[in-house]
Protein chains: 2
Amino acid sequence: MNAIEVNVKNGYKVIVDNGIFDKIPEYALTLADYTTVTIVSDSNVAPLYIERLKKGFLRANKRVLTYVIEAGEQSKNLSNYAAILSFLANNDFKRKDLLVALGGGVVGDLTGFVASTYHRGVDFIQVPTTLLAGIDSSVGGKTAVDIKEGKNLVGAFYQPKGVFFDIETLNTLPEKEMINGFGELVKYGILMGGTLWKNLLSDNLSLENCIADSIRYKAEIVEKDEFDNGVRALLNLGHTLAHSVENLSGYTVPHGLAVGYGIRRIAKACKNNGLLQNSEYEQIINVLDKFSLTYIAPFSDNALIRASVKDKKAFADSINIIVINAIGNCSIQKFKLDKLGEFFND
Amino acid sequence: MNAIEVNVKNGYKVIVDNGIFDKIPEYALTLADYTTVTIVSDSNVAPLYIERLKKGFLRANKRVLTYVIEAGEQSKNLSNYAAILSFLANNDFKRKDLLVALGGGVVGDLTGFVASTYHRGVDFIQVPTTLLAGIDSSVGGKTAVDIKEGKNLVGAFYQPKGVFFDIETLNTLPEKEMINGFGELVKYGILMGGTLWKNLLSDNLSLENCIADSIRYKAEIVEKDEFDNGVRALLNLGHTLAHSVENLSGYTVPHGLAVGYGIRRIAKACKNNGLLQNSEYEQIINVLDKFSLTYIAPFSDNALIRASVKDKKAFADSINIIVINAIGNCSIQKFKLDKLGEFFND
């Protein structure tokens, strides 16, 4: 079992293992003496896992409520947010009770935002059931909803009390959702290098080790910069172009594929501009291909750059881009917007 | 000038003085180099003060946006919250820009909640224009909106970057709004005792000193217990019954009057139960009368207690009540619900 500490104020553990699902209620109930537990999930995940999770809490004589949203990014909105808040209030859910996010990033982000604001903050845990949520969105305390003006534009930094990731749940994950997670996994590999990158290159990789390494890397970054004012920006490797692609495609391109494309482009730009050795560039392309991250966006560089300015990470006349100096050595570089086209130019 | 430090993480100053209004933009712009300033106000306060405040920011070459909500508690809702978020996004308001809450508690709580969640947190300052907001709601970082299931049920702990209270703005405050503030002022007097209580007893009181003392007392409590898990509960003196009165009256009784009634009842109960000396009890009643806090609620004790259980501060079978042992010496006492009627019984 991997028990990874996230040492922020009110720190917590990320438990990653095979076959721990039925023990999650027991783990969660060591955190505090909750009276009521509300499990939020979505229409894909609930039929597979919600009763199993509920059972464990019932066995411990807890009152259990469930709330199921429709699966998909379109559910991560203020109207579901308000509906869950009312549901909790109407069902006498108290400040000292526990919220559980069971599912992928949408459920985790939305439930986390509810937890951060209901009674100005109640405890919640993350039970990710997708690779993307397990290695990325469930750890680090970024919660959010989308508004029509932009994705993740409204939210809070609010840490869970624990993250419980049973890797066996990935057995029920559709392949395209696995690939979605691979985009972030390759990102962590390039950022961290070392054992994680070797594992990704290997013909005989251990997914569990890859996951644990990614979370360990993310936990370290979050500890250094919980509120995203500095090094946490490294986690945006590949994300500036990815957000543009998602935006221009009307969010039809899955996040992981968009990140894969973003990494592909930034790796090439870093090679072309003399930052990254050719041999490492080729490793990156090989790993992207190996993990089916082969999506190529049909948008011009001009359009991608224009879209990135509208992204929340952009400032007036310049933008921070994460560049790859080597595998395991990335850095934040500020670009004037008019230089960015040049940088990406083949 | 009183410059009171609130020494929490990311601490800030509360500036209290006469005639500082036109200097507020200058003070605020020492906090950071903002590009855009958005002033949120209400339909009562905006006609009096918004242009004056705007002018100062314009003089400093800042881009200024204004957003005016309808005056009144009914505006403190999720629909105005969502509307302001969209307004900001549509007007290119960025993560490093500044929100200004100009008005009373409704504007402050709502704007603070927007600030805490837009891009997961942007800077905001409080410019209170009511006594209630100036001595109480603008300091301490409690932000909130109401939902139909309850007042302040949704919100965040999120500190402002500064509070700028020009006492001269109280000259435009309707008398009933002054009395509303007196409820909290008397509360602070009983909690703090000392100079503040003497001032309240005096025929020749200095309102500025009363205000500064109240804020100083609140700042100390907030420093000790920012997230309301302990001593901050002292600030609920008189509030358990007050919330019940507000609730049972459909929020037609102003907060300050309800708090005045709550204090009157708790003082009497403390005297009757041998906690509080008769002479101090009489002082309290005299001060309440002097400040026109003479409202008597037409609800039975039974109804009030039943309503308090539904309040968010109540737990299953017991409730924390702030008792007055002496002026300047209050404490948190847990009551079984079935003992509460006895305690309040004349």
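This is a predicted model, so every value here is computed, not measured. Chain identifiers are assigned alphabetically (A, B, ...) following the order of the sequence lines, protein sequences preceding nucleic acid strands; residue numbering begins at 1 within each chain.
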A/Lys218 bridged to A/Asp136 by N-O distance under 4.0 Å: yes
Neighbours of chain B found in residues 83-91 of chain A - heavy atoms under 4.5 Å: A/Leu85, A/Ser86, A/Ala89, A/Asn90
Between B/Phe227, B/Phe113, B/Tyr118, B/Phe157, the one whose heavy-atom pairs under 4.5 Å with chain A are most numerous: B/Phe157
Counterpart residues, ring-ring contact (aromatic ring centres under 6.0 Å, His included), relative to A/Phe57 (two or more places apart): none
B/Thr143 side-chain N/O to B/Ala156 backbone N/O, donor-acceptor pair under 3.5 Å: yes
Approximate separation, where rounding is to 0.5 Å, of B/Ile39 CD1 and B/Leu65 CG: 9.0 Å
Partner residues of A/Asp123 under the side-chain hydrogen bond (donor to acceptor under 3.5 Å, both in side chains) criterion, sequence neighbours left out: A/Tyr34
B/Tyr158 versus chain A, the contacting section by heavy-atom distance below 4.5 Å: neither
Results of side-chain hydrogen bond (donor to acceptor under 3.5 Å, both in side chains) for A/Lys339 - residues two or more places apart only: none
Short side-chain donor-acceptor distance under 3.5 Å, B/Asn247 and B/Lys151: no
